[in-house]
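Quick notes on the structure that follows.
Below, read A as the first sequence line, B as the second, and so on, with proteins coming before strands; counting in each chain starts at 1.
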Amino acid sequence: MSGPLDYQWEEERYTDGSKWRFLEHKGPVFAPPYEPLPKNVKFYYDGKPMKLSAPAEEVATFFAKMLDHEYTTKDIFRKNFYKDWRKEMTSEEKSKISDLNKCDFTEMSDYFKAQSEARKQMTKEEKQKIREENERTLQEYGFCVMDNHKERIGNFRIEPPGLFRGRGDHPKMGMLKRRIRPEDIIINCSKDSKHPKPPPGTKWKEVRHDNKVTWLVSWTENIQGSIKYIMLNPSSRIKGEKDWQKYETARRLKKCVDRIRTQYRDDWKSKEMRIRQRAVALYFIDKLALRAGNEKEEGETADTVGCCSLRVEHIKLYPEIDGQEFVVEFDFLGKDSIRYYNKIPVEKRVFKNLQLFLENKQPEDDLFDRLNTSILNKHLQELMDGLTAKVFRTYNASITLQQQLKELTTPEENIPAKILSYNRANRAVAILCNHQRAPPKTFEKSMQNLQTKIDAKKDQLSDARRELKSAKADAKMRKDEKTKKAVDTKKKAVQRIEEQLMKLEVQATDREENKQIALGTSKLNYLDPRISVAWCKKWDVSIEKIYNKTQREKFAWAIDMADEDFEF
DNA sequence: AATCGTACTTAGAAGCCATTAA
DNA sequence: TTAATGGCTTCTAAGTACGATT
């Protein structure tokens, strides 16, 4: 068996669609069983203490643990929780408890806070013991053997029970996410492997041997009824090759994107409405890096959209505004209920088409009523083998990084400035892809702290300069070796402090510009890592400055193969 | 052509932990 | 030594895509 460095990176390993020949693993790690509360920690109903049955108590603790969170103040959350909680109650509890507002979970909540405080206060030895235990679990369950390699598993722990927290305005927030038992679990491994054993006295739902898929374990979750999987870590061969393939597809798009653009511009003039809609949608996907926008079941999830599912209410048309013609204003919630807001001028033909699409429609009607993702992707497939809507996002993200790096990097800047340039290029992509984050709660304070540091450094610098000056004067007078040396030392000190100051200032700029932007998602999922590897080699920046350990493991394939001439 | 089921990628937030400042 | 900070890891929700079925 060999380590990750001896992968033979190949794009197409098997030609029959199978993903592996041999797969052996230990199965999942289950959530620890529920530990009842100590007797002195009470739940109160209508001001009176009330002992709950274990199942009702467990669900109550889920709520208690979230008491400080805004979620628990939301009506839908409370309603969903209460409904599911009642299902766990005994009939006696059901008749006693009739109003969530009369339930007092604060003692439970305080207990958990005290516990987490106690965990922080543990001695070094106790913490070490826990760490070792975790390490043992990782060694036993965290790896599998796929074909000839020992591979790290991504998520080998089963999700513990709790209250469902959706993103945004989710109609199911607060529902009980039930505990997963061995009887819910499907195991996937090869026939000739040592099969994982279910915990004593239990059985798996099923053991199968399907080598057309990459997952090791699956179960069906009870909120949406969707399937959850245990799969390999991004560092694994199977994920790495897939990732590589993704970027190769995007590079193929690069070769034919001009042709495709010409074609969709032409299609804006089509006689057929469906073709015009397809062409305008594709233009948005290409120009604005919008997601495809699959249909979603209404009422089952938060109301979010992508390109194909945009509704009339999500855009506004301005024939003229702020001195610009044909402006479209987008305002909608995308994936994870992140707001997409953009006001951009478009070509006249696009504008006229949009006006046409809006005719006789209500705000809640689909903008592209003759289009969906499957129609669009079928069309794209005809334009290029393997082309789908999301390839445009990958392509535009990667090509933007490459262009920005070329534009922003200058030979004379030092390493911190180079890193700033890199981050700025990365940021351009994050903005394109609308990767946002909530500004960190401590943002203002941490900026202030940094500014304090900068001010202190500036004082230090002027002191050092003054000292240098007097040392020079001294040397001029005395002209001996000792004072000359002193000048040299002072000079170096000034230089060092200047460098430190510069570094701090760069850091401040970087952080300020990054306030609401998340760089991680594009770095991890959209930017061909070979562009970054090549940039590092070209400018003699060590790869550790750009990628941390986990990222280097994920991008091992790219670090292996890209040289400084790599072009996306 | 609509619907469903499945498998996989992409996503931001929370939690954890090492480092640094006080 | 302790507390604050920030980076990294973990978690799991929420997307995309596609083949099968009706």
Return the value, rounded to whole Å, for the distance between atom [atom1] of [X] and atom [atom2] of [N].
X	N	atom1	atom2	result
A:Leu519	C:dC8	CG	P	12 Å
A:Ile158	C:dT12	CD1	P	11 Å
A:Gln516	B:dG12	CD	C1'	14 Å
A:Leu524	C:dC8	CG	C1'	11 Å
A:Ile153	C:dT10	CD1	C1'	15 Å
A:Met66	B:dA13	CE	C1'	12 Å
A:Leu216	B:dT6	CG	C1'	16 Å
A:Arg131	C:dT10	CZ	P	14 Å

- Query: Hey, is A:Arg530 close enough to A:Glu248 for a salt bridge, meaning N to O under 4.0 Å?
  - Reply: yes
- N-O pairing of A:Asp75 and A:Arg78 below 4.0 Å: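 Salt bridge: no.
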- Item | Most 5' of A:Gln121 and A:Gln551 on DNA chain C, judged by nearest nucleotide |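 Looking at the nearest nucleotide for each, A:Gln121 comes out on the 5' side.
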- Message: Does the protein touch nucleotides 13-22 of chain C at the base, only the backbone, or not at all? Give it as B, S and - per nucleotide, heavy atoms under 4.0 Å.
- Response: SBSBBS----
Once you apply a heavy-atom cut-off of 4.0 Å, does [X] come out as touching a base, just sugar-phosphate, or nothing?
X	result
A:Ile223	nothing
A:Lys19	sugar-phosphate
A:Arg119	nothing
A:Pro160	sugar-phosphate

- How about A:Gln128 and A:Glu132: does a side-chain donor come under 3.5 Å of a side-chain acceptor?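 There is such a pair between these side chains.
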- Message: Could you check whether A:Tyr264 and A:Asp286, counting side-chain N and O atoms only, form a donor-acceptor pair closer than 3.5 Å?
- Response: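 Result is yes, a qualifying pair exists.
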- Note on the structure: Assign each of A:Arg437 and A:Asn525 the nucleotide of DNA chain B bearing its closest heavy atom; nearer the 5' end lies the nucleotide of A:Asn525
- Take A:Lys242 and A:His69, find for each the nucleotide of DNA chain B with the closest heavy atom, and name the residue whose nucleotide sits nearer the 5' end.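 Taking each residue's closest nucleotide, the earlier one in sequence belongs to A:Lys242.
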- Task: Kindly determine whether A:His170 and A:Phe164 satisfy ring-ring contact (aromatic ring centres under 6.0 Å, His included), including the steps that lead there.
- Result: CA-CA 10 Å; A:His170 198 115; A:Phe164 176 77; 4.9 Å; yes
- Query: With respect to the phosphate group of B:dA7, does any side-chain polar atom (N or O) of A:Asn188 fall under 4.0 Å of OP1 or OP2?
  - Reply: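 No, no such contact exists.
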- Message: Is the phosphate of B:dA11 approached by A:Tyr526 (side-chain N or O, under 4.0 Å from OP1 or OP2)?
- Response: yes
- Message: To check you understand the geometry: which heavy-atom pair defines the closest contact between A:Leu401 and A:Ala425, and what is its length?
- Response: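 That would be CD1-CB, 3.8 Å.
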- Message: Rounded to the nearest 0.5 Å, what separates atom CZ in A:Arg552 from atom CD1 in A:Ile543?
- Response: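 Reported to 0.5 Å precision, the distance equals 8.5 Å.
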